[in-house]
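I have placed the structure first, in the form of structure tokens, so that the comments after it can refer back to it.
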Amino acid sequence: MGVPPAPTKLVISIVGAGLGGLAAALCLGRLGHRVTVFEAAREANDIGAGIQVPPNVTRLLVEWGLQAELEGIAVKPRAASWRRYDSGALVGALDTEKIEAKYGVPHYNVHRGDLHRMMLNAANAVADVKTNARVLSVNLDAYQQAKTVDNRTRRQRPSVTLVDGQVFHSDLVIGADGIKSVTRNVVCGPVESYIGLHANSAHRAIVPVGEMLKDAELKELVESMHVTCWMGPGRNVVGYCISGGKDYNLVFSCPCPQDDMKRESWSIPSSREAIRAEYIGWDNRIQKLIDLVSTTSRWRLVDRPIIERWVHPAGVVLLGDACHPLLPYGGQGAAMAMEDAAVLAALLAHIKSYAELPCLLDTYVDLRKPRCSYIQEISRNNGRMFHLLDGPEQVERDKMLGGIAEAEDR
Ligand code: FAD
């Protein structure tokens, strides 16, 4: 896309090539900034399962010229629907056409690996993405050179040190290194890894749609093209098609085993039997879906308060999960990280001198913190709402969800 270059070009290091880091690399690289991304993983991998692309992300991907590629990897659901856990009875449904009419672009579902690859290809064209490059620490070094490019004296300059000892200096370091961020240490000090661990974890599995089509009930589920959420006491299950309709993504969110309360990971090994034990008495379709699970891993959920300080004025800034991890109940984790990247790039599109950087970074925080706090609270509330015990609150919830479609019509 034809993006006018920024008046002043910065040397930027991004720690982490997740969806947030790659979005930042793409946007900032296109502005002419000299961007290097350091990613710990050996290569872009397929870890992860389904991920939602809500309209706020679709709009960004369209703006970045990636609509055709997105459509090639995505599934466009027809509705979001909510069901009871035991009978599977439909509680409410929201037609995605209404979402599209309201926001101007569709909601999609994708495999995280596909979206990640798409973003990596796009970022590679304008940035240097180094894999197998784990950052050991981000440091603020005394700056020896008397004058910067815009003739101002700078006392400190950020650098990243890799585990192999290489050091890279830059004007700006962006910490997009996720929940266990090392960049965060220089901005606000270390965060104990177990702080904010939620009482739940989510078993994730992908089952082949071909197998589902052999069963009449599951076939109906596939053909409905819904993002379906079964809600029950202390647990929920979300299912939807991904990978161009070849696979069905399942997320089983339920209490974490007591002996595992402090482990923080995306991919703790799990089993079909562990899932089955959590969903006794649930809808027959859930039992059949569990039968189809061959491999599964468990994601330890984190509900950490938003980090107070996101910026160090010497030129270090955080984005995405590094500063605002989200529970998965709002489908906005990747969305918030990618929005952060877009906002940061929009501000750095007009930078005229290095002296403006601290103020622009503060503006980024002012713009993003309230929105991310709001979305974090929505995700939390959705989780509470999905997991209500049967009783008056659940009856109210079901009435509200039953009325959602009509409310959208007004
Ligand atoms: P992340 O996506 O966590 O990316 C952070 C990146 O930084 C990672 O690539 C990591 O390897 C890298 N990194 C960390 N530390 C260092 C370091 N010291 N040096 C260099 N690189 C470093 N969400 C879902 O909804 N569904 C899923 O199936 C799903 N699977 C996931 C699988 C993985 C492996 C990861 C990392 C995340 C997954 N997520 C999933 C989470 C989701 O992608 C993020 O919550 C969201 O996209 C926010 O992204 P982020 O860029 O802030 O952080």
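Both counts, for ligands and for their atoms, begin at 1 and track the order of listing.
Only the side chain of Val182 comes within 4.0 Å of ligand 1, judged by heavy-atom distances. Counting heavy atoms closer than 4.0 Å to ligand 1, residue Ser181 contributes nothing at all. Using a 4.0 Å cut-off between heavy atoms, Gln52 makes no contact with ligand 1 at all. Of all the heavy atoms of Glu39, the ones lying under 4.0 Å from any atom of ligand 1 are found in both the backbone and the side chain.
You'll find the side chain of Leu389 reaches within 4.5 Å of the side chain of Pro233, heavy atoms only. Between Tyr240 and Pro77 the shortest side-chain heavy-atom distance does not fall below 4.5 Å. Put simply, the side chain of Leu221 reaches to within 4.5 Å of the side chain of Leu218, judged on heavy atoms. In this structure, Arg276 and Asp291 have side chains that are in contact, with non-hydrogen atoms separated by less than 4.5 Å. Side-chain atoms of Asn249 and Val251, non-hydrogen and from C-beta on, do get closer than 4.5 Å to each other. Under the 4.5 Å side-chain criterion, counting only non-hydrogen atoms from C-beta, Asp321 is not in contact with Val302.
Under the side-chain hydrogen bond (donor to acceptor under 3.5 Å, both in side chains) criterion, Arg59 pairs with no residue, sequence neighbours left out. The side-chain contact (heavy atoms from CB on, under 4.5 Å) search around Ser159 returns Asn139, Asp141, Val167, His169, not counting sequence neighbours.
Using a 4.0 Å cut-off between charged side-chain N and carboxylate O, Asp283 and Arg83 make no salt bridge. Between Arg34 and Asp171, none of the side-chain N atoms (NZ, or NE/NH1/NH2) sits under 4.0 Å from a carboxylate O, so this pair counts as no salt bridge. Ion pairing of Glu339 with Arg368 is present here, as a side-chain N (NZ or NE/NH1/NH2) and a carboxylate O approach within less than 4.0 Å.
Near Ala49, the atoms of ligand 1 lying under 4.0 angstrom from a non-hydrogen atom of the residue are 27 (C), 28 (O). If you number the atoms of ligand 1 from 1 as listed, the ones under 4.0 Å from a heavy atom of Gly320 come out as 52 (O). Numbered from 1 in the order shown, with element, the atoms of ligand 1 that lie under 4.0 Å from a heavy atom of Gly333 read 46 (C), 48 (C). Of all atoms in ligand 1, numbered sequentially from 1 with element shown, those under 4.0 Å from a heavy atom of Ala334 are 46 (C), 47 (O). Close contacts between ligand 1 and Asp321 involve ligand atoms 44 (C), 45 (O), 48 (C), 52 (O) [criterion: under 4.0 Å to a heavy atom]. Taking every non-hydrogen atom of Phe38 and a distance limit under 4.0 Å, the qualifying atoms of ligand 1 come out as 20 (C), 21 (N). Each of the atoms 20 (C) of ligand 1 lies under 4.0 Å from some heavy atom of Ala133. Residue Ala337 has at least one heavy-atom neighbour below 4.0 Å for each of these atoms of ligand 1: 48 (C), 49 (O), 52 (O).
Ring geometry, Trp310 versus His324: the interplanar angle falls from 30° to 60°, so the pair is classed tilted.
For the pair Gly20 and ligand 1, the shortest N or O to N or O distance falls below 3.5 Å. An N or O contact shorter than 3.5 Å is missing between Trp299 and ligand 1 by distance. Taking distance alone, with nitrogen or oxygen atoms compared against 3.5 Å, Leu319 stays at or beyond that limit from ligand 1.
If you check each of Gly18, Gly16, Ala335 against atom 7 (O) of ligand 1, the one with the closest non-hydrogen atom is Gly16. Comparing heavy-atom distances from atom 13 (N) of ligand 1 across Leu19, Asp177, Asp340, Leu162 singles out Asp177 as nearest. Within the set Val135, Leu318, Val138, Val57, the minimum heavy-atom distance to atom 17 (C) of ligand 1 is found for Val135. Selection from Arg204, Met338, His111, His324 by nearest heavy atom to atom 29 (C) of ligand 1 gives Arg204.
Proximity of Ala23 to ligand 1 is not established, as no heavy-atom distance is less than 4.0 Å. Heavy-atom separations between Gly50 and ligand 1 include at least one value shorter than 4.0 Å. For the ligand labelled ligand 1, residue Ala176 lies inside the 4.0 Å heavy-atom shell.
Taking every heavy atom of both residues into account, Gly331 and Gln52 meet most closely at O-CB, 4.1 Å.
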